[in-house]
Amino acid sequence: NGEPEAVSDTILVGEYGSLSGSEATFGQSTHDGILLAIDEINAAGGLKGKKLEVKTYDDQGKTQEAGTAVTRLITEDHVVAVLGEVASSLSIAGGRVSQNYNVPMISPSSTNAQVTEIGDMISRVCFIDSFQGYVVGKFAYDHLKARRVAVMFDQGQAYSTGLKDDFIREYTAIGGEIAGEPQAYTAGDQDFSAQLNAIAALQPDAVFLPGYYTDVATISIQARRAGITAPLLGGDGWDSSQLAQIAGESIEGSYYSNHYSHQDTSPAVQDFVKKYQAKYNKTPDGLAALGYDATKILFDAMERSPSLDGKDLAAAIAATKNFQGVTGLISMDENRNAIKPAVIVKMQGGIPTYVTTIYPKGTEPAPTEVPPVTPPTADTAAPVEPATAPH
Amino acid sequence: MALLEVQDLHVHYGAVHALQGISFTVEEGQVATLIGSNGAGKSTTLRTISGLVRPSSGSIRFDGQHIGAMAPHKIVRLGIAQSPEGRGVFANLTVHENLEIGAYTRNDRAEVARDRERVLHLFPRLRERLKQLSGTLSGGEQQMLAIARALLARPRLLLLDEPSLGLAPQIVKTIFQIIREINESGTTILLVEQNAHMALRAANQGYVLEVGKIVLADDAHKLSQSDEVRKAYLGIS
Amino acid sequence: MTTLVQTLIDGVALGSLYALIALGYTMVYGILRFINFAHSDIFMLGAWFSCTIAGLLGWAVGTPPTWAFIVVLLAAMAACGLLGFIIERLAYRPLRSAPRINVLITAIGVSLFLENFGQLPKIFGNTPTKMPALIPDIALGSFAGVRLSLVNLIVIVVAVVLMGALEWLIYGTKLGRAMRAVSYDTKTAALMGIDVDRVISITFVVGSALAAAAGFLQAAKIVAVQQPAHVSWVQLGLKAFVAAVIGGIGNVRGAMIGGVLLGLVEMLGGAYLSSELRVVYVFTMLILVLLLKPEGLLGKTTVEKV
Amino acid sequence: MSAALHVDNVSIAFGGLKAVSDFSLTLREGTLHGLIGPNGAGKTTVFNLLTGVYQADHGTISLGSQRMNGLKPNQIARAGMVRTFQNIRLFGDLTVLDNVRIACWSRTTTNTLAALFRTPAHMAEEAAIAERARELLDIFDLLPREREQAKNLPYGAQRRLEIARALAMDPKVLLLDEPAAGMNPQEKIALRGLIRKVREQFGLSVLLIEHDMGLVMDICERITVLDHGEVIADGEPSAVQRNPKVIEAYLGAPNEED
Amino acid sequence: MATLAERAKSLRPSASKMALDSVGPVVLAIGLTLLLHFVVGPAVGHSGTKILLDMGINIVLAVSLNMVNGFTGQFSIGHAGFMAIGGYTAGIVTYYGGYKLFGTTNPTGGFLGAGQWLFALSCIAGAVTSGFFGYLVGLPSLRLKGDYLALVTLGFGEIVCVLLTQSGAVVPASGIDAVPAWQLPYHVGGAVGFSPLPFYTNLFWVYLFVCITVLFAYRLKESNHGRALLSIREDEIAAEASGIAVTPIKVRAFAFSAAFAGVAGGLYFHLLGALPKPGELGFQKSFEIIIMVVLGGMGSVSGTILAAIVLTILPEVLREFSDYRMVVYALALVLMMLVRPQGLFGIREIWELGRERRKKARGSR
Ligand SMILES: Nc1ncnc2c1ncn2[C@@H]1O[C@H](COP(=O)(O)OP(=O)(O)OP(=O)(O)O)[C@@H](O)[C@H]1O
Ligand SMILES: Nc1ncnc2c1ncn2[C@@H]1O[C@H](COP(=O)(O)OP(=O)(O)OP(=O)(O)O)[C@@H](O)[C@H]1O
Ligand SMILES: [Mg+2]
Ligand SMILES: [Mg+2]
């Protein structure tokens, strides 16, 4: 079994992600964030004098590969914990392996509910889809006063379909109406006219695009060509400096929810952005920030944990409270999902500009108040099923 | 000097040693024939001359020039055309197009048109079928097409691999007649035949090939009189 | 009604693009009888080369001159043509006498290589890029709400022109006849004085150049050019191949008709039935056409004479 | 004598071309029957019609008392009419032995399940097939090469293998399409003997297409002549040979040397 | 000459030959399976075991595809589609069926316990379902030949993928009772994939099915039924003229091949415990399998096994290369094809090769 060995003077952490294949850009961002955090931790003396080291395997964005990579990390490299993946279906595959071997895994950015349902070894530092769906729905209804929203999602991505479902549920619960049938696309359609023509004909108040920025850039351009002038809405998958760079005018005035805004003036964020830019010479996106936070939370748990044994470490991670990360003040709920607010940003002059912060239901701070300590609460989102993981 | 000079030619197909050092010559303006039983290496010899098969050693000289290592299309341009065994007509092209491909290397359009008339005169059957896809021709018709096509290249040396295969007796006679005519109009011919009888009558020079070696070489008429040949290849005991 | 007309226009534009890509598949298949899987990557590279070349020439910012697009188009075609030549030379030619399935696997290898090599950080990287606006993004008049964008018009026109040129090349020239001869039997073609290797090289160069043209047009149209290893390239290539088969593989006009038909089916189905099943329409149409007319709409039945 | 094969008025056209029109023929039990005619006369097409490769536009084909019209090639082969091909069609990559063993398929009785479990009945049958195939190869002088790939055999041997493969199906009627093409005179003489021998040994009726008149006139008891898809003569070899229509269309003026 | 039936009577094999030929390999196979499970598995550790499992599943996939592509010469690009059908069927049986039987969706029982038998049954159910679809896909071969048939299989595979993405979310254990049983097969996870499936796959079952597949393929090939398939690959017209009912046999080959792909699907999905998103089971996965068949040598069972082994290990060895990994893999693939276009050992079985070489050496002397 993956017992940590105390003989060496480094502590090995595993990472698996898509460094090649269609989704390589996400894997790479996360990887950059993780490395930055590791550097910092080691510069500060590591864990009781021991350096942290990360072992990274590519999974090409494939489920089978993810399973193999995590198995190898745990059983051969004997890592104490695993970081990854971005795509929910891969986090599920890797998570099931981790759970099986009792090695804790933190997913930086998989937002699908099923990920942490796997079992007590699995946690995440991002919010989950149902919350994000709620955030965007509430924002559309309350702030934009949009009453009819059209939806267009990537049917091949668990992230996209999940967020679509959660958005529809939350938005209609508030009283909004979905215009027409949700339109689906697959990665194979670079030409989205069929879907966009249909949406244009509906004349919705806004269009929700729960996809990755890689697709959203071109969808927004084609949407404008198809005569859609309503604002576009999206989730954290939009977060990349490239979105504005490519889509330009077309994306102006659109909104998306995110884990953080790199414009946030808080020291935690500014410090991170500065270091990241120094190291990689580019602006960090949300995935980099989450990779960074996941690593920091793991380290924090290691320091608190009585041992690096899987059970102890997982318990320590689950007990994370009010951890000041780049992506906000993070606490784990009893299902090991991070509870934290989301920000809504607006594309203005090519820059995602902070608009508002939306808190989990029931945790909203008093108006005008800067968020105090966010108390963990059970009432986050959809009822979460008890874990049905094997032992 | 001989138009074609083959010296100590060896050819291998993988482990099969198909030609084991054959030497022969074809004089300009003559008809030479290679006869021999199945698998003796006759077709291999022709394929090697045309450049389709690489010799392992030995030399082939055409008009004094070494062609042993040349690409097939260059050899054709030097003036060697072949009507291959098994015909090799382009099944998805029409008879007409097949003939045009035959004249691929030539740019003298008027002359080509005249030559085409000539071969269609030789093979009236083909004229009836000009528009037909050649893959649907009968076996004999395909054979005619293959010969006609080779003629359109207006070669100096024409290689014929079993031109009488599968032809009706009357056509066989015609074919040999045509071979003589072509030869008289100045084309040198190297003829490979199972029908040794006809071949030796049409040829000036004959070579007998057996399992990769030339075992007899002589004036064609003399060969046809020799006992060995009469027994083995003419079926006369 | 407006939506219908709009969808038809978009369908034809999409279909023209499929047709352009389909031509390369059809040509290679016609001659070497294998599906050149690397073709979709040449298409992808056509798009990336276009972006890169336009960037190098300083047209990524500001308003480039009107003729810029011709320069970039031709440059991308030349670059991809050269690449097609090299690939054929190194990866396919050594397998000339091997069974064609091996060539198919090699093509998959080449395809994987191009994608993953292109994706390396030092090459094109793994994020999308932006195609400089060489063709202004304007709508050519909008009639009763129906728009025909300049890009789409250019796509259609370029496709038709290139197709006509290709048709002439294959059926009207000596080279074309040689191509068809090579497609039937390379050995005998060589005996006719045809330089088989050269003909095959030319086929690849022409096919790749056409794919590059398609890549350029696609980039101009979608602006956001996906990273080299993105699945959408392969998916698009596959659909284009399907178009070639529907029209009758090996047939230039068939590729055009197949492409347009496929574009229309995808767009109409996507707009009116369900957008979730776009791929299903494509392949259902393929299966139906094959079952009803196995050789494709314009394909000729080739009987094998026994 | 009864008829092994009875063909009545069959025709087929390709596009406008009438390849075979109103072709009739009776192949008597146990005879060697020649089918000759100029190139493109429609001889191979007749074989294709008989074996179900093409379906006749009209007319009937009966093997013994059984109607063959509308049957698939494999059903016709099973019914007892088998052929060889003008352009040899062997299973090139397979061994000589396998080529013959495959042809025994239609005569076997054990099913796939038996093959997977290797039941005694199946193994006995396999052994029987192998034994039978080897006997056939022996007759055709191919036994020493049983393990070679068929495509590597010399031409003449390939022709013999095709006949051996056909015989493995226990045919009643054997159709040979130019079996002597590409053979030298010596081999042709051997082939003559071989055809006669298998006819006796297997009780066959043979329909033979061949352009070598020496061979045809020597071994055929009866000859049908085809030209432009139509029968122009039918009868004893000597009569056919003298028939002016046949001479005109096919044989040409008598050969000086013969 | 005596008829076959008459001959067969006198050629009944002896009991010892039967034991050696018919029963022997089966005993050997079970022995090997147990050896792997109890000795080799623990010896190579977890990640070694994972690779052995992947290898076994790839062998089943490649050998089964070989029945269509290699033996019969039909070109199928839809193998992953059959794998998906089999896997989803098996998943439905173990997940929902497991709940109905045992009241839990977790693995039940130990080695050869109740859960494992359910799992074996689920693989067989997967085989039956995908075999049925294989039969359907084989039917167009009535009209289509060669590459056209290949395209139909490709289309089939892609359609399966898209339709599976349309399915509903998996019903968690606590909610299964509330959903009518007939609706459950619809809830297989959509784009997320079918998860969490119980982990049942182990060396014993994988290699048991490997042995079954290999014995099946090899015995088929060595019988008159298999030779009939080979003859279709060589020359359809001649095969038909040799009395072989070409179409039904082709359809049957498709069905067999699909059935084993279905088994592989079941094994594969219960190894991951999560089903890959359907998008991963498209033609690219099919090509991975085709590559194994071609590299192994079309029609060579032993060659295919070897190729499956090589191509499972290769990406594992390359895993360290991170972003250069696929570049190296692609180059390796091209090189392998250039160096060994005829497959690792040509189209014959490996042991036939030595015999041939010996003979050639003798012949050329
Ligand atoms: N491609 C090949 N691979 C392996 N062996 C070959 C190949 N082609 C020919 N051979 C062998 O080479 C030898 C000579 O063959 P070739 O075709 O030259 O004979 P041939 O004299 O033309 O006979 P035929 O009268 O049958 O046409 C034969 O033993 C033949 O089996
Ligand atoms: N499938 C087909 N399509 C079109 N024409 C055909 C087809 N099959 C045969 N033909 C034509 O029918 C005629 C008869 O052909 P067939 O092959 O029967 O001749 P044959 O008597 O066997 O001649 P040969 O002695 O040259 O083999 C030929 O003119 C041929 O072109
Ligand atoms: Mg020869
Ligand atoms: Mg014929």
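So you know, we letter chains A, B, ... as the sequences are listed, proteins then strands, and number each from 1.
The two residues C:Gln226 and A:Asp215 make their nearest non-hydrogen contact at NE2-OD1, 2.8 Å. Across all their heavy atoms, A:Asp191 and C:Lys221 have their closest contact at OD2-NZ, 2.8 Å. Of all the heavy atoms in C:Gln227 and A:Ala24, the pair that sits closest is NE2-N, 4.0 Å. The two residues A:Leu19 and C:Gln119 make their nearest non-hydrogen contact at O-OE1, 4.3 Å.
With chain C as partner, the option from A:Gln183, A:Arg225, A:Gln242 having the largest number of non-hydrogen pairs under 4.5 angstrom is A:Arg225. Contact count against chain C (heavy-atom pairs under 4.5 Å) is highest for A:Ser193 among A:Ala201, A:Ser193, A:Ser240. Contact tally against chain A (heavy-atom pairs below 4.5 Å) for C:Arg278, C:Gln218, C:Met267: the top residue is C:Arg278.
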message: Let's go through A:Thr186 and C:Gln235 carefully: what are the C-alpha distance in whole Å and the side-chain angles of both, what is the deciding distance for side-chain contact (heavy atoms from CB on, under 4.5 Å) to 0.1 Å, and is it a yes or a no?
response: CA-CA 10 Å; A:Thr186 47; C:Gln235 296 267 354; 5.9 Å; no

- request: Go through the steps for A:Asn197 and C:Asp10 under the test side-chain contact (heavy atoms from CB on, under 4.5 Å), then give the verdict.
  value: CA-CA 9 Å; A:Asn197 287 338; C:Asp10 290 337; 2.8 Å; yes

Worked check of side-chain contact (heavy atoms from CB on, under 4.5 Å) between A:Gln190 and C:Trp233: CA-CA 9 Å; A:Gln190 289 188 351; C:Trp233 299 109; 3.8 Å; yes

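Heavy atoms of A:Phe153 lying under 4.5 Å from chain C belong exclusively to its side chain. Both the backbone and the side chain of A:Ala226 have a heavy atom closer than 4.5 Å to some heavy atom of chain C. For chain A, the nearby part of C:Val279 is the side chain; its heavy atoms alone come within less than 4.5 Å. At a 4.5 Å heavy-atom cutoff, C:Glu115 makes no contact with chain A through either its backbone or its side chain. Only the backbone of C:Thr129 comes within contact range of chain A, judged by heavy atoms closer than 4.5 Å.
No side-chain N or O of A:Glu23 forms a donor-acceptor pair with one of C:Asn126 less than 3.5 Å apart.
To the nearest 0.5 angstrom, A:Gln60 atom CD is 7.0 Å from C:Asn116 atom CG. The OG1 atom of A:Thr214 sits 5.0 Å away from the NE2 atom of C:His230 when rounded to the nearest 0.5 Å. In this structure, OG1 on A:Thr218 lies 11.5 Å from NZ on C:Lys130, to the nearest 0.5 angstrom. One finds the OG1 atom of C:Thr127 at 5.0 Å from the OH atom of A:Tyr213 (value rounded to the nearest 0.5 Å).
The 12-atom threshold is not exceeded at CD of A:Glu249, counting heavy atoms of other residues, nucleotides or ligands nearer than 6.0 Å. Within a 6.0 Å radius of OH in A:Tyr276, more than 12 heavy atoms belonging to other residues, nucleotides or ligands are found.
Side-chain N or O atoms of A:Gln155 include one that pairs as donor or acceptor with a backbone N or O of C:Glu276 at under 3.5 Å. With hydrogens and angles ignored, the 3.5 Å screen pairs no side-chain donor or acceptor of C:Ser275 with any backbone N or O of A:Gln195.
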